[in-house]
Amino acid sequence: MSTIAVVGSGYVGITTGACLAHLGHTVVCADIDEAKVERLNRGELPIFESDLEQLVVDGLAGGRLSFVAESKHAVADAEFVFICVPTPQGDDGRADLRYVQGAAQEIGPYLVPGATVVTKSTVPVGSARVVERALQRRDVDVVSNPEFLREGAAVRDCLYPDRIVIGADDRAAAERVAELYADLDAPVMITDPLVAEMIKYVSNAFLATKVSFINSVAAVCDELGADVAQVAIGVGLDRRVGMEFLQPGPGWGGSCFPKDTQALIGIADEAGVAFDLLRAVVEANDSQYARIAAKVQRMAGGMLRGRVVAVWGLTFKANTDDLRDSPALAVIDRLLRKGATVVAYDPTAQGPIRGVQLAESAYTACQDADVLVVLTEWDEFLEVDLRKAGELMASAGMVDARNLFEPAQARAAGFTYEGVGRK
């Protein structure tokens with residue numbers, strides 16, 4: 001078992017630290033926010049993520065996990081140091097490496113000789129060299145180990161990964177990092193840093209492409225009267241395609257897909273390659289937001305000014321409290337610009353949200369509403385009595401942007417129903 005430091009106690013940092021502690025390592029996570037560190041040491045998480053709180057509590061109780069306010073205290077005795085700081089999208093669309101460089105510069109003087117610095121943050125191709133220069137330490141190794149965590153299933157993805165990718169110029173350094181995951185049943189791919197960094201971007205860009213593709217197929221199904229759910233099953237049963245990410249919806253968003261697709265476009269531009277296909281994927285996603293808003297407008301009788309729209313779901317997907325680049329908010333923004341009054345309920349989202357009235361329940365959101373639009377696929381909504389919800393509305397029209405409900409079920413409850421690519 002190893003001594004590990006994690007620099008950055010955000011979404012990736014907390015999950016990485018808690019899971020490594022669960023595997024038996026001794027982990028110290030650092031963050032610049034002292035109040036946040038105090039809460040974490042009490043087992044109070046700043047984010048909502050399924051199963052993560054219990055993992056943190058177990059790690060704290062077992063003495064394998066702790067949180068500190070300064071990175072130098074975390075790295076002082078660490079054999080491995082994971083950099084898990086944000087890489088926000090810059091003005092040019094590329095990933096901003098200020099926090100990664102800053103973290104490396106800060107920890108450089110305090111690393112023990114022979115330590116291995118592991119870049120977990122999503123970074124542009126070639127960033128391993130940036131980290132090496134910022135560290136100014138020739139006696140430590142730099143390894144790329146990208147994360148492939150889905151919000152809402154991050155703990156499962158960390159402990160039961162599809163693959164572990166490790167990029168390093170020194171094979172021995174890569175193998176030392178691989179040993180940290182020895183108890184996990186997953187294939188390990190050891191490659192160079194450039195390939196490892198590229199794998200992360202290409203993975204997210206491909207998944208975004210798959211979602212935009214099925215959303216465009218759903219638009220065609222809407223016009224032809226075909227059922228996209230059955231089309232997706234028929235296509236997904238082909239093992240070359242697969243069922244994952246073939247569920248149409250209001251568009252893709254979150255903290256990764258928008259940032260990573262733009263970053264890969266930027267990387268391609270720098271390499272002199274016009275990645276027109278990926279640009280079209282981004283454009284198709286923007287069109288999907290507008291397409292859903294247009295469905296709501298039609299359901300409201302062709303005009304949204306003066307209409308009340310009830311919204312179920314604000315987060316970019318279920319089982320998270322993350323509102324970053326949420327397609328729900330992108331659709332809502334278009335509704336607001338057309339003059340609608342939006343009353344929304346979400347199980348985890350906290351206000352205030354500009355222009356949106358937050359409701360205490362799915363039912364109260366429906367009170368006197370002209371249209372109900374489902375924008376996040378929370379299981380809680382499946383427990384709602386649809387007939388009761390419809391009776392609270394001024395007009396029981398539903399736009400189910402997640403195809404959460406069966407059309408027959410919604411219509412039997414008294415709704416005029418429209419999904420995405422559904423009959």
Side-chain angles (χ1 to χ4, degrees), residues 1-71 73-87 99 103 107 116-122 143 145-166 177-186 188 200 254-256 317 319-322 348:
M1 294 298 111
S2 300
T3 304
I4 299 172
V6 175
V7 179
S9 294
Y11 180 84
V12 173
I14 297 172
T15 304
T16 299
C19 288
L20 287 170
H22 178 75
L23 293 175
H25 304 292
T26 300
V27 183
V28 181
C29 298
D31 198 89
I32 59 174
D33 187 336
E34 292 187 11
K36 179 181 179 182
V37 167
E38 290 178 4
R39 293 196 302 272
L40 284 166
N41 277 318
R42 294 194 298 266
E44 300 171 6
L45 269 60
I47 58 174
F48 175 83
E49 178 62 41
S50 181
D51 301 322
L52 183 57
E53 183 175 356
Q54 188 59 53
L55 216 60
V56 169
V57 170
D58 290 346
L60 293 169
R64 299 182 306 277
L65 179 64
S66 60
F67 297 87
V68 297
E70 290 189 55
S71 297
H73 298 313
V75 307
D77 300 311
E79 303 165 73
F80 299 89
V81 179
F82 282 74
I83 295 179
C84 299
V85 296
T87 51
Y99 300 114
I107 65 176
T116 302
V117 176
V118 184
T119 305
K120 201 75 172 173
S121 301
T122 301
V143 174
N145 177 214
E147 53 86 12
F148 300 98
L149 306 180
R150 297 168 299 164
E151 291 192 41
V155 170
R156 178 173 180 80
D157 288 344
C158 198
L159 297 178
Y160 303 94
D162 292 330
R163 77 288 203 199
I164 297 167
V165 176
I166 302 170
V177 174
E179 279 296 312
L180 298 176
Y181 303 108
D183 289 341
L184 301 183
D185 182 19
V188 176
K200 168 64 176 181
S255 62
C256 294
K317 63 185 291 188
N319 300 315
T320 179
D321 59 353
D322 199 343
T348 64

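Taking CG from Leu52 and CD1 from Ile14, the interatomic distance works out to 6.5 Å, rounded to the nearest 0.5 Å. Annotation: the span from Met1 atom CE to Thr3 atom OG1 amounts to 11.0 Å, rounded to 0.5 Å. Rounding to the nearest 0.5 Å places CG of Asp157 at 7.5 Å from CG of Asp162. In this structure, the separation between CZ on Arg42 and CG on Leu60 is 11.5 Å, given to the nearest 0.5 Å. To the nearest 0.5 Å, atom CG of residue Asp31 and atom CZ of residue Arg39 are 9.5 Å apart. The distance from atom CG of Asn319 to atom CZ of Phe48, rounded to the nearest 0.5 Å, is 6.0 Å.
More than 12 heavy atoms of other residues, nucleotides or ligands sit less than 6.0 Å from atom CG of Asp33. Other residues, nucleotides and ligands contribute only 12 or fewer heavy atoms inside 6.0 Å of the NE2 atom of His22. Shown here is Glu44, whose CD atom has more than 12 heavy atoms of other residues, nucleotides or ligands within 6.0 Å. The number of heavy-atom neighbours closer than 6.0 Å to CD1 of Ile47, taken from other residues, nucleotides and ligands shown, is above 12.
Across Asp58 and Arg64, no two heavy atoms sit closer than the pair O-NH2, 3.9 Å. Residue Ala74 comes nearest to Ala5 through the heavy atom pair O-CB, 3.3 Å, listed as atom of the first residue, atom of the second, then distance. Across all non-hydrogen atoms, the minimal contact from Glu49 to Tyr11 is OE1-OH, 3.1 Å. Residue Val155 comes nearest to Thr15 through the heavy atom pair N-CG2, 4.4 Å, listed as atom of the first residue, atom of the second, then distance. Shortest non-hydrogen contact noted between Cys19 and Leu55 is SG-CD2, 3.7 Å. Looking at every heavy atom in both residues, Leu159 comes nearest to Pro161 through C-CD, 3.3 Å.
Inter-residue side-chain proximity for Leu23 and Leu180 is flagged as unmet; no heavy-atom pair is nearer than 4.5 Å. Counting only heavy atoms from C-beta outward, the side chains of Leu149 and Cys256 never approach each other to under 4.5 Å. Using a 4.5 Å cut-off on side-chain heavy atoms (C-beta onward), Asn145 and Phe82 make contact. Between Lys36 and Phe67 the shortest side-chain heavy-atom distance does not fall below 4.5 Å. Side-chain contact between Pro46 and Leu40 is present, with heavy atoms from C-beta onward closer than 4.5 Å.
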Quiz item: Run the side-chain contact (heavy atoms from CB on, under 4.5 Å) check on Val37 and Ser9 step by step: do they pass?
Solution: CA-CA 8 Å; Val37 167; Ser9 294; 5.9 Å; no
Quiz item: Going through the checks in order, is the side-chain hydrogen bond (donor to acceptor under 3.5 Å, both in side chains) test met by Ser255 and Glu151?
Solution: CA-CA 9 Å; Ser255 62; Glu151 291 192 41; 3.1 Å; yes
Quiz item: Between Val56 and Leu65, does a side-chain contact (heavy atoms from CB on, under 4.5 Å) hold up when you go through it step by step?
Solution: CA-CA 7 Å; Val56 169; Leu65 179 64; 4.1 Å; yes
Quiz item: Should Tyr181 and Leu20 be marked as a side-chain contact (heavy atoms from CB on, under 4.5 Å) after you check the CA-CA gap, both sets of side-chain angles, and the distance that decides it?
Solution: CA-CA 8 Å; Tyr181 303 108; Leu20 287 170; 4.1 Å; yes
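Between the side chain of Ser121 and the backbone N or O of Ile83, at least one donor-acceptor pair lies under 3.5 Å. The closest donor-acceptor contact from the side chain of Ser71 to the backbone of Ile107 lies at 3.5 Å or more, if one exists at all.
Between Val28 and the options Val68, Ile4, Val7, a side chain to side chain contact (heavy atoms under 4.5 Å, CB included) holds for only Val68.
Under the 3.5 Å distance criterion, with hydrogens and angles disregarded, no donor-acceptor pair is assigned to the side chains of Glu147 and Thr16.
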